[in-house]
S.K.: 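Take this structure, written in structure tokens, and hold onto it; I'll ask about it next.
Below, read A as the first sequence line, B as the second, and so on, with proteins coming before strands; counting in each chain starts at 1. Both backbone and side-chain heavy atoms feed into the values below; hydrogens, waters and symmetry mates do not.
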Number of protein chains: 2
Amino acid sequence: MNIGEAASASGVSAKMIRYYEKVGLVEAPARTDAGYRSYGSRDVHNLRFVRRARDLGFTVDEIRDLLGLWRDQGRRSADVKRMALDQIRLLEQKARHLQEMADTLKSLADCCTGDARPDCPIIAGLEAGQPLTSRRPNRRFGVTNERAVPPRR
Amino acid sequence: MNIGEAASASGVSAKMIRYYEKVGLVEAPARTDAGYRSYGSRDVHNLRFVRRARDLGFTVDEIRDLLGLWRDQGRRSADVKRMALDQIRLLEQKARHLQEMADTLKSLADCCTGDARPDCPIIAGLEAGQPLTSRRPNRRFGVTNERAVPPRR
DNA sequence: ATGCACCTTCCAAGTATGGTAAGGTCAAGT
DNA sequence: ACTTGACCTTACCATACTTGGAAGGTGCAT
């Protein structure tokens, strides 16, 4: 199976498969004489695992850990659960922060008539006063798995 | 006023002030003979505006637009409101997506005993089935204004 | 044999921010 | 005058993930 087939079978783009290989997330597969990567169903399975973990917002580093646990037949489910709970906490924190930003903006927008006149409480709100967040946002606040994937053709 | 003073007065780091200048978000200020940037209170006001817009999750490009509206005395508040409403929609969409990821993970974690045994529904959930999101996440899904600012000393 | 789709590697961009290095400048103290 | 320390300058690197492109090789069907 060439990289293209593996890509469509796993839902991970060929580009990303090479990238995951480079950063050591997946093993380098055998090569044909011409140097083409050759994948098996097991590789596709791995890639799907990665894909799903990315979909859940795990970073590449975390997925490395998850893969380790996946392969470790003697793993303790507690270890996996801890990672999952940490991730849930982070995700919810990020979601809350975004919602707060939206709410702040909403309260400004609610006061805005939104007509042809120049008076605008939103602009005024941006102009005046203290910074809106004094809180230090958590590192890794953003959603790191921004998959700016073009629609599949 | 040197860049350091402008930074602490506006809440934008010196680093970012230079960056905003480079990308054309703020005007290049006058320089002293020694080449130091020299800021006035008006510049600080501008920078504060930028800071607040960033806090609300607007991207640099969007802030460029907002600044245009800010300076435009004949602006229609409707134009500003539309940008705000768009932003609110995006923020809420991102928040929802994050929450969905958290919920999916929660449902997996809820089934996990979290003990010393290797059986783990989370791993099993990652392993099996279809990709968790088929939806193409919106470009700019992540929170772009990750201000990973070290705690102010 | 030609063309087209696919593969390869390497390099770059974009986003917003921080870090570091190497050097110039300023103001205060000696 | 000289030193010191804080501040400034530019330039480049790193982060995390993903895409895009260039330049060239390969495989298969017509």
S.K.: Rounded to whole Å, please give me the gap between CD in A:Glu21 and C1' in C:dC10.
M.R.: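 Rounding to the nearest Å, CD of A:Glu21 and C1' of C:dC10 are 15 Å apart.
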
S.K.: Starting at CG of A:Leu47 and ending at C1' of D:dT18, how long is that distance when rounded to a whole Å?
M.R.: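 After rounding, the gap between these two atoms is 16 Å.
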
S.K.: Within less than 4.0 Å of OP1 or OP2 of C:dT9, is there a side-chain N or O belonging to A:Arg31?
M.R.: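 Yes, within the criterion.
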
S.K.: Just N and O in the side chain of A:Arg18: are any of them under 4.0 Å from OP1 or OP2 of C:dC10?
M.R.: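 A:Arg18 to C:dC10 OP1/OP2: no side-chain N or O under 4.0 Å.
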
S.K.: Check whether any side-chain nitrogen or oxygen of A:Tyr36 sits under 4.0 Å from OP1 or OP2 of D:dG25, and answer yes or no.
M.R.: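 Answer is no, no contact under 4.0 Å.
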
S.K.: For B:Arg37 and C:dC26, give me the distance from atom CZ to atom C1', rounded to whole Å.
M.R.: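 Atom-to-atom, B:Arg37 to C:dC26, this comes out as 17 Å.
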
S.K.: Whole Å only: how far is the NZ atom of B:Lys22 from the P atom of C:dA13?
M.R.: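 One finds 11 Å between P of C:dA13 and NZ of B:Lys22, rounded.
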
S.K.: Less than 3.5 Å between a donor and an acceptor, one on the side chain of B:Lys15 and one on the base of C:dT20, is that the case here?
M.R.: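 Looking at the base of C:dT20, it does pair with a donor or acceptor on the side chain of B:Lys15 (distance under 3.5 Å).
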
S.K.: Any side-chain donor paired with an acceptor under 3.5 Å for A:Thr59 and A:Asp61?
M.R.: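 Judged by distance alone, the side chains do not pair up.
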
S.K.: Counting distance alone, no hydrogens or angles: does the base of C:dG18 have a donor or acceptor under 3.5 Å from a partner atom on the side chain of B:Tyr19?
M.R.: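 Looking at the base of C:dG18, it does not pair with any donor or acceptor on the side chain of B:Tyr19 (distance under 3.5 Å).
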
S.K.: Does B:Arg31, at its CZ atom, have more than 12 non-hydrogen atoms belonging to other residues, nucleotides or ligands within less than 6.0 Å?
M.R.: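 For B:Arg31, atom CZ is crowded (more than 12 foreign heavy atoms under 6.0 Å).
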
S.K.: Bend angle of the helix from C:dA1-D:dT30 to C:dT30-D:dA1 from five-pair axes at both ends, rounded to 10°?
M.R.: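 Its terminal axes enclose an angle near 30°.
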
S.K.: Tell me if a side-chain donor or acceptor on A:Glu21 pairs with a main-chain N or O of A:Glu27 at a distance below 3.5 Å.
M.R.: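 No, the answer is negative, given that no donor and acceptor are paired below the 3.5 Å cut-off.
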
S.K.: Flag the pair A:Arg52 and A:Asp55 as a salt bridge only when some basic side-chain nitrogen lies within less than 4.0 angstrom of an acidic carboxylate oxygen.
M.R.: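 Salt bridge absent between A:Arg52 and A:Asp55.
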
S.K.: Can you tell me if B:Arg48 uses its side chain to pair, donor with acceptor, with the backbone of B:Ala9 under 3.5 Å?
M.R.: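 Here the side-chain-to-backbone pair exists.
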
S.K.: Tell me: CD of B:Glu5 to C1' of C:dT25, nearest whole Å?
M.R.: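 To the nearest whole Å, that distance equals 14 Å.
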
S.K.: Determine the sole option in B:Gln99, B:Gln93, B:Met101 for which the side-chain contact (heavy atoms from CB on, under 4.5 Å) test with B:His97 is passed.
M.R.: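 In the set B:Gln99, B:Gln93, B:Met101, the residue that makes a side-chain contact (heavy atoms from CB on, under 4.5 Å) with B:His97 is B:Met101.
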
S.K.: For a quick check of understanding: with a heavy-atom distance under 4.0 Å over all strands, which category does A:Asp61 fall into, base, sugar-phosphate or nothing?
M.R.: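 Touches nothing.
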
S.K.: Between C1' on D:dC17 and CD1 on A:Ile63, what's the gap in Å once rounded to a whole number?
M.R.: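 Roughly 11 Å, once rounded to whole Å.
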
S.K.: Quickly work out the B:Ile3 CD1 to C:dG24 C1' distance and round it to whole Å.
M.R.: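 Rounding to the nearest Å, CD1 of B:Ile3 and C1' of C:dG24 are 16 Å apart.
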
S.K.: Within less than 4.0 Å of OP1 or OP2 of C:dG18, is there a side-chain N or O belonging to B:Ser13?
M.R.: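 True: B:Ser13 side-chain N/O within range (under 4.0 Å) of C:dG18 OP1/OP2.
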
S.K.: Return no unless some side-chain N or O of B:Thr59 is found under 4.0 Å from OP1 or OP2 of C:dT15.
M.R.: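 Result: no.
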
S.K.: Looking just at side-chain N and O atoms, do A:Asn2 and A:Ser38 make a donor-acceptor pair shorter than 3.5 Å?
M.R.: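 No pair is found: no donor N or O on one side chain lies under 3.5 Å from an acceptor on the other.
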
S.K.: In whole Å, I'd like the distance from the CE atom of B:Met1 to the P atom of D:dC7.
M.R.: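 Value for this atom pair: 16 Å.
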
